[in-house]
Asks: 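Can you keep this structure in mind? I'll have questions shortly.
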Amino acid sequence: MKLKGDQTTARAMNRRLILNLLRREGPRSRADIATVIGLSPAAVTFVVSDLLEEGIVVEGQSVPGLAGRRPIPVEINYEHALAIGFKLMVDSVECVATDLATNPVAAMRVGLGGHDPDDVADLLAGTVPELLKLAGRPKAKLAGIGISMPGVINHEQTACVRSHRFQWDNVPLAALVAGRVHVPVWLEDDTNAYAIAQQLFGLGRQHRNMAVLAVGVGISCALVIDGKLYRGANGAAGKFGHTLFEEGGRLCECGKRGCLMAYHSELSMLRRWREATGRGEELGLPELCEALAAGDATATALVAASGRGIGTALANLVNITDPEVIVAGGEAVSLGDAFLIPLREALSARTFRTAPPLLPDWEDNSWARGAAALVTQKIFDFESSGGVTDVATLGVRGSTSAA
């Protein structure tokens with residue numbers, strides 16, 4: 001005898017299968033859905049009826065040119081609600097409001113004057129109505145808020161276990177924000193959030209195994225294995241920048257010496273360039289890009305060395321995890337071929353088999369969109385992240401506070 005819980009679980013799984021098919025392939029008729037997924041027509045009709053009632057899918061126009069009853073396609077209604085994404089950086093927050101496909105409808109950047117958790121939560125909560133007003137939808141339905149930041153994140157408790165840059169230990173940031181805005185809030189490591197966005201709607205959309213490299217203030221590499229983000233036992237997976245580059249070398253922000261990011265992060269490249277030229281803080285990323293465009297030998301050699309260093313380390317990761325594709329993001333991607341060609345060459349030279357394609361991604365708001373993807377992900381995978389209140393319209397749970 002089947003229990004009610006079995007039926008609920010089967011329904012959730014069918015719902016996930018249908019939504020992910022529509023996400024990957026676009027509009028499909030109910031008959032097509034049943035054929036592709038292998039469900040009975042009755043099961044598909046039951047789930048689609050629920051999704052239509054909730055407004056998550058809508059019916060399109062019937063397919064012309066067919067005899068008899070023309071099938072009516074259904075598709076995801078990405079305008080059903082808005083998602084808010086916050087990407088926390090040391091001195092600012094990148095903020096975005098998106099539809100459920102993480103397409104931005106409003107974006108802004110606000111300064112971050114300090115790192116006191118309550119002050120940060122106040123800032124984020126106060127920015128939500130500003131974003132909705134900027135989007136021209138002050139009364140829009142809000143699906144939730146995603147926050148991404150550098151650090152080790154306890155996914156179940158939506159808390160920051162440790163962040164060297166913020167000097168945080170065990171800060172329940174999602175709960176702090178949820179208590180102020182009364183909608184579901186999710187918290188994730190910034191590169192993990194970026195990887196989720198790539199998996200859902202970006203360059204990794206058609207891949208179940210991929211690596212997502214980020215080279216900015218730090219260096220990290222998120223892994224999607226068999227379609228699931230790999231967080232590790234303690235939420236600390238992907239800290240690629242803390243692999244050893246040189247024994248007893250430069251001091252890293254983590255307190256250890258010789259880490260890869262102490263030499264080859266965007267911040268470290270700039271530091272080494274200033275040391276090589278004897279100049280100071282006036283040299284930033286735009287100036288480095290200009291120097292590369294002008295063929296400056298010092299800048300070109302330094303950036304190429306970083307590309308080779310990261311590519312060599314990345315080959316070790318590829319030999320262990322065997323991804324189908326590598327997506328590369330972060331500020332260093334804007335350095336272009338001077339950085340990417342040496343990286344690809346070192347990667348190819350040291351992989352056991354043919355190196356996977358390395359696909360650069362550098363778009364405005366891409367990291368804040370990653371944070372917003374934490375919200376939209378819940379529609380497609382029903383993954384619970386330590387929340388306490390069900391959100392009936394989405395069928396997911398998050399860190400929430402009752403209004």
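No experiment lies behind these values; they were computed from the predicted model shown. Along the sequence shown, the residues carry numbers beginning at 1.
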Asks: So with a 6.0 Å cut-off around CD of Gln206, is the heavy-atom count from everything else above 12?
Replies: yes
Asks: I'd like to know if the side chain of Thr191 and the backbone of Cys221 have a donor-acceptor N/O pair within less than 3.5 Å.
Replies: no
Asks: Begin with the C-alpha distance, continue with both residues' side-chain angles, and end with the deciding distance and a verdict on side-chain contact (heavy atoms from CB on, under 4.5 Å) for Ile310 and Phe339.
Replies: CA-CA 10 Å; Ile310 293 172; Phe339 174 68; 3.8 Å; yes
Asks: Does any N or O in the side chain of Thr351 come within less than 3.5 Å of the main-chain N or O of Ala315, such that one atom is a donor and the other an acceptor?
Replies: no
Asks: Restricting to non-hydrogen atoms, name the atom on Met149 and the atom on Cys160 that form the minimum distance, rounded to 0.1 Å.
Replies: CE-SG, 3.9 Å
Asks: So does Leu340 get a backbone contact from the side chain of Asp337, meaning a donor-acceptor N/O pair under 3.5 Å?
Replies: no
Asks: Is the backbone of Ala373 close enough, under 3.5 Å, to the side chain of Thr376 for a donor and an acceptor to pair up by distance?
Replies: yes
Asks: Quick one: side-chain contact (heavy atoms from CB on, under 4.5 Å) partners of Asn234, sequence neighbours excluded?
Replies: none
Asks: Which one of Lys87, Arg369, Arg109 satisfies the salt bridge (charged side-chain N to carboxylate O under 4.0 Å, His left out) criterion with Glu94?
Replies: Arg109
Asks: Sub-3.5 Å donor-acceptor pair from the side chain of Thr243 to the main-chain atoms of Phe240, do we have one?
Replies: yes
Asks: Residues in salt bridge (Lys or Arg N to Asp or Glu O under 4.0 Å) with Glu290, at least two apart?
Replies: none
Asks: In sequence, state the C-alpha distance, the side-chain angles, and the governing distance for Glu287 and Arg279, and then conclude on salt bridge (Lys or Arg N to Asp or Glu O under 4.0 Å).
Replies: CA-CA 12 Å; Glu287 289 74 23; Arg279 297 173 64 182; over 6 Å; no
Asks: Within the 4.5 Å heavy-atom criterion, are Leu200 and Thr102 side-chain neighbours or not?
Replies: no
Asks: Shortest non-hydrogen contact from Thr298 to Ala276?
Replies: CG2-CB, 4.0 Å
Asks: Closer than 3.5 angstrom, by distance alone: can the side chain of Arg257 be matched with the main-chain N or O of Gly249 as a donor-acceptor pair?
Replies: yes
Asks: Count the heavy atoms belonging to other residues, nucleotides or ligands that lie under 6.0 Å from CD of Glu275, then report whether that count exceeds 12.
Replies: yes
Asks: Just so I know, are the side chains of Val217 and Pro150 near enough to count as touching, which here means a heavy-atom distance under 4.5 Å?
Replies: no
Asks: Between Leu173 and Leu88, is there a side-chain heavy-atom distance shorter than 4.5 Å?
Replies: yes
Asks: Side chains of His115 and Val90: closer than 4.5 Å at any heavy-atom pair?
Replies: yes
Asks: Are any non-hydrogen side-chain atoms of Val47 and Leu39 less than 4.5 angstrom apart?
Replies: no
Asks: side-chain contact (heavy atoms from CB on, under 4.5 Å) between Ile153 and Asn192: does it pass, once the steps are laid out?
Replies: CA-CA 10 Å; Ile153 306 299; Asn192 284 349; over 6 Å; no
Asks: When you check the gap from the basic side-chain N to the acidic O, do Glu188 and Arg231 get nearer than 4.0 Å?
Replies: yes
Asks: Does atom CD (Glu79) have a neighbourhood of more than 12 heavy atoms from anything else shown, all under 6.0 Å?
Replies: no
Asks: Applying salt bridge (Lys or Arg N to Asp or Glu O under 4.0 Å), can you list everything that pairs with Arg272, at least two apart in sequence or on another chain?
Replies: none
Asks: Which of these passes side-chain contact (heavy atoms from CB on, under 4.5 Å) with Arg16: Leu19, Ile18, Asn20?
Replies: Asn20
Asks: Just by modelled atom types, is the Phe352 backbone N or O under 3.5 Å from a matching donor or acceptor in the Asn319 side chain?
Replies: yes
Asks: Quick one: are Leu22 and Ile33 in side-chain contact, heavy atoms under 4.5 Å?
Replies: yes
Asks: Considering only heavy atoms from C-beta outward, does the side chain of Ile219 approach that of Leu213 to under 4.5 Å?
Replies: yes
Asks: Going by atom types only, do Asn14 and Arg11 share a side-chain donor-acceptor pair under 3.5 Å?
Replies: no
Asks: I would like to know whether Arg180 and Asp118 meet salt bridge (Lys or Arg N to Asp or Glu O under 4.0 Å); could you show each step before the answer?
Replies: CA-CA 10 Å; Arg180 291 161 168 80; Asp118 283 306; 3.2 Å; yes
Asks: Carefully, step by step, assess Phe86 and Thr127 under the rule side-chain contact (heavy atoms from CB on, under 4.5 Å).
Replies: CA-CA 10 Å; Phe86 292 122; Thr127 304; 4.0 Å; yes
Asks: Given Leu302 and Met269, is the side-chain contact (heavy atoms from CB on, under 4.5 Å) satisfied, shown in steps?
Replies: CA-CA 7 Å; Leu302 186 147; Met269 280 189 254; 3.9 Å; yes
Asks: Answer yes or no: is there a donor N or O on one side and an acceptor on the other, between the side chain of Glu324 and the main chain of Asn209, under 3.5 Å?
Replies: yes
Asks: Donor-acceptor pair, distance only, cut-off 3.5 Å: does the side chain of Lys239 make one with the backbone of Gly151?
Replies: yes
Asks: For His164, is there any backbone N or O sitting under 3.5 Å from a side-chain donor or acceptor partner on Gln167?
Replies: yes
